[in-house]
Q: 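Dumping the structure here so I can ask a few things about it.
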Amino acid sequence: MRILGIETSCDETAAAVVYDTGNAEHPWAIASSVIASQAEIHREWGGVVPELASRQHVRDICGVTERALGDAGIAWCDLGAIAVTQGPGLVGSLLVGVAFAKSLAVTLDVPLVPVHHLAGHVESLFLHHGSLPLPAVVLVVSGGHTCLYVVSTLGDYQLIGRTRDDAAGEAFDKVAKVLGLAYPGGPVIDRLARGGNAHALDFPVAQMKHLDRNRPPTVEIPGRLGRARLGMTDFSFSGLKTAVKRHVVARLVAVGRDVLPADEVADICASFQRAVVDALLDRTFDVARLLGARAVGIAGGVSANSRLRDEAMARGELCGLPVFLPALALSTDNAAMIAAAGLRQFSHGVTAAPDLNADAALVL
Ligand code: KG4
Ligand code: ZN
């Protein structure tokens with residue numbers, strides 16, 4: 001079956017066609033994947049402006065979808081289902097994709113499959129690699145989320161940890177803003193960090209020692225982690241962000257300028273990036289070891305980070321645990337992962353009624 005994926009949860013309008021290959025080793029393949037990024041529009045404002053994002057999705061969604069069909073060399077009647085990101089995300093942006101997908105599904109008389117954005121990120125790993133040894137511990141690290149899942153069987157995502165405050169990608173974007181760098185900050189910090197000393201500064205990262213009293217009921221800490229380790233599956237990045245901000249403000253006063261010298265910015269980027277990567281990987285690998293996972297997966301926009309990728313592979317080799325990362329094009333938001341997650345859901349019999357609504361706070 002060929003499925004059309006539609007993704008409009010934030011500032012990328014994306015459409016993709018993914019199909020079943022019939023090959024058990026690599027069950028899904030991408031026929032096309034088109035992304036219209038709004039980064040240029042939001043850069044001027046230093047972050048995503050929700051109203052501008054929804055308006056741009058409306059402008060782009062038809063052209064992006066037609067292009068996805070054209071690139072795949074297929075017609076509308078070749079589609080067997082439509083998958084769409086139902087949430088979480090910016091509600092105005094989500095509504096554009098959901099309304100568009102609903103009308104397409106009704107017009108073409110094919111099933112509509114609702115997809116959780118983070119399930120899409122997890123499935124990007126299966127789309128790229130075919131399969132992962134299970135159980136796998138999967139870290140989804142993006143601009144809006146930092147979540148740790150255990151995947152024990154295909155399509156089952158058990159949330160065992162998450163950030164208590166800022167997402168890791170959000171910390172990248174906010175630190176970049178403090179340094180006067182362009183939005184989105186993650187790729188810029190990644191690039192500048194290559195010319196800096198990752199040990200120049202020792203920024204603190206909070207370690208959670210207690211259970212999150214506000215955790216959603218979906219977060220169940222597996223017994224094997226033990227009560228002594230409660231809280232160890234959670235992350236926190238707002239303290240780190242504040243520490244970097246304080247350092248930058250103090251240094252600007254000290255040098256008496258509006259911007260810091262380039263070599264100092266590079267050192268701050270490299271040291272901040274090291275702190276984030278260590279915090280992400282320490283937790284992920286500790287949890288994987290304690291749960292006896294057979295693989296570690298890392299997905300979401302921040303999984304494009306070069307230090308995170310290199311360190312994750314190195315740690316995996318050191319402890320004999322295979323590490324899976326998506327291709328770079330599948331790390332940041334795209335519709336191929338939504339189509340793949342749609343195929344997974346559809347194979348489990350999940351479809352949506354025509355009154356499907358967007359849900360900005362959808363939980364997984
Ligand atoms: O998954 P994604 O495309 O959108 C959300 O679901 O949020 O993730 C976007 C996030 C942004 O915060 C961006 O700065 C970050 O991913 N990002 C990176 C890199 N590329 C994108 N962070 C660090 N290093 C990168 N190379
Ligand atoms: Zn995302």
Side-chain angles (χ1 to χ4, degrees), residues 46-48 139-148 160-215 229-254 259-260 263-287 298-312 315 331-332:
V48 179
L139 171 70
V140 180
V141 64
S142 70
H145 295 85
T146 301
C147 295
L148 211 45
I160 57 163
R162 55 177 195 147
T163 181
R164 301 263 176 105
D165 38 60
D166 291 358
E170 189 181 352
F172 268 98
D173 296 340
K174 287 179 176 167
V175 162
K177 204 168 179 177
V178 166
L179 288 167
L181 306 173
Y183 169 84
V188 184
I189 289 182
D190 191 352
R191 182 166 45 79
L192 295 179
R194 286 183 202 139
N197 173 5
H199 295 275
L201 297 151
D202 219 359
F203 292 124
V205 184
Q207 301 271 325
M208 297 298 125
K209 297 250 177 345
H210 58 284
L211 201 57
D212 180 5
R213 279 180 224 92
N214 298 316
R215 73 190 191 283
R229 299 190 176 93
L230 290 181
M232 70 163 289
T233 55
D234 282 342
F235 303 91
S236 165
F237 293 106
S238 79
L240 168 65
K241 172 197 68 187
T242 307
V244 178
K245 193 173 175 178
R246 285 217 179 108
H247 174 81
V248 173
V249 171
R251 288 295 303 146
L252 285 172
V253 171
V259 282
L260 294 176
D263 55 343
E264 200 172 333
V265 170
D267 282 351
I268 295 171
C269 288
S271 301
F272 160 75
Q273 182 173 272
R274 174 178 63 86
V276 175
V277 167
D278 285 353
L280 291 172
L281 294 182
D282 286 352
R283 303 249 130 170
T284 305
F285 276 87
D286 279 351
V287 168
I298 307 178
V302 182
S303 73
N305 184 265
S306 58
R307 187 179 176 103
L308 182 63
R309 294 177 90 88
D310 293 348
E311 281 273 315
R315 287 197 194 206
S331 288
T332 43

Q: Looking at S142 and G300, would you say the former's side chain and the latter's main chain have a donor-acceptor pair under 3.5 Å?
A: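 Flag not set: sc S142 to bb G300 has no pair under 3.5 Å.
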
Q: Measuring only between side-chain heavy atoms, which start at C-beta, is S331 closer than 4.5 Å to R309?
A: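 In short, these two side chains touch, coming nearer than 4.5 Å.
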
Q: Side chains of V244 and V178, heavy atoms from C-beta outward: is any pair under 4.5 Å?
A: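 SC-SC contact between V244 and V178 ruled out.
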
Q: Just so I know, are the side chains of Y183 and V188 near enough to count as touching, which here means a heavy-atom distance under 4.5 Å?
A: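 In short, these two side chains do not touch, never coming nearer than 4.5 Å.
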
Q: How many angstroms lie between CG in D190 and CG in N305, if you round to the nearest 0.5 Å?
A: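 The CG atom of N305 is 4.0 Å from CG of D190, to the nearest 0.5 Å.
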
Q: Would you indicate whether the side-chain heavy atoms of T146 and V140 approach each other to under 4.5 Å?
A: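 V140 vs T146: side chains apart.
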
Q: With a 4.5 Å cut-off on side-chain heavy atoms, are H199 and S271 touching?
A: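 A side-chain contact is absent here, since even the closest heavy-atom pair is not under 4.5 Å.
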
Q: If I take atom CD from residue E170 and atom OG from residue S238, how far apart are they, to the nearest 0.5 angstrom?
A: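 Atom-to-atom, E170:CD and S238:OG are 9.0 Å apart.
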
Q: Quick one: NE2 on H247 to CG on D202, what's the gap to the nearest 0.5 Å?
A: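 Interatomic distance, H247 NE2 to D202 CG, rounded to 0.5 Å: 11.5 Å.
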
Q: Does any part of the side chain of F272, heavy atoms only, come nearer than 4.5 Å to the side chain of L201, both counted from C-beta?
A: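 SC-SC contact between L201 and F272 ruled out.
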
Q: For S236 and D165, what are the C-alpha separation, side-chain angles and deciding distance, and is it a side-chain hydrogen bond (donor to acceptor under 3.5 Å, both in side chains)?
A: CA-CA 6 Å; S236 165; D165 38 60; 2.8 Å; yes

Q: Below 4.5 Å, heavy atoms only, C-beta onward: do I189 and D173 meet side chain to side chain?
A: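 No, too far: nothing below the 4.5 Å cut-off.
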
Q: Does D267 reach the main-chain N or O of N197 with its side chain, forming a donor-acceptor pair under 3.5 Å?
A: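 Pair found, side chain donor or acceptor close to backbone of N197.
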
Q: In terms of side-chain geometry, is the basic nitrogen of D278 or R283 positioned less than 4.0 Å from the acidic oxygen of its partner?
A: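 A salt bridge is absent here (no side-chain N lies under 4.0 Å from a carboxylate O).
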
Q: Are the side chain of D166 and the backbone N or O of A171 linked by a donor-acceptor pair below 3.5 Å?
A: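 Absent.
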
Q: For L280 and L139, run side chain to side chain contact (heavy atoms under 4.5 Å, CB included): C-alpha distance rounded to whole Å, both residues' side-chain angles, the deciding distance at 0.1 Å, then the answer.
A: CA-CA 8 Å; L280 291 172; L139 171 70; 4.0 Å; yes

Q: Would you find more than 12 non-hydrogen atoms of other residues, nucleotides or ligands less than 6.0 Å from R194 atom CZ?
A: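 Buried by this count: over 12 neighbours within 6.0 Å.
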
Q: Can you find a pair of side-chain heavy atoms, one from Q273 and one from F172, that are under 4.5 Å apart?
A: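 Side-chain contact under 4.5 Å: yes.
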
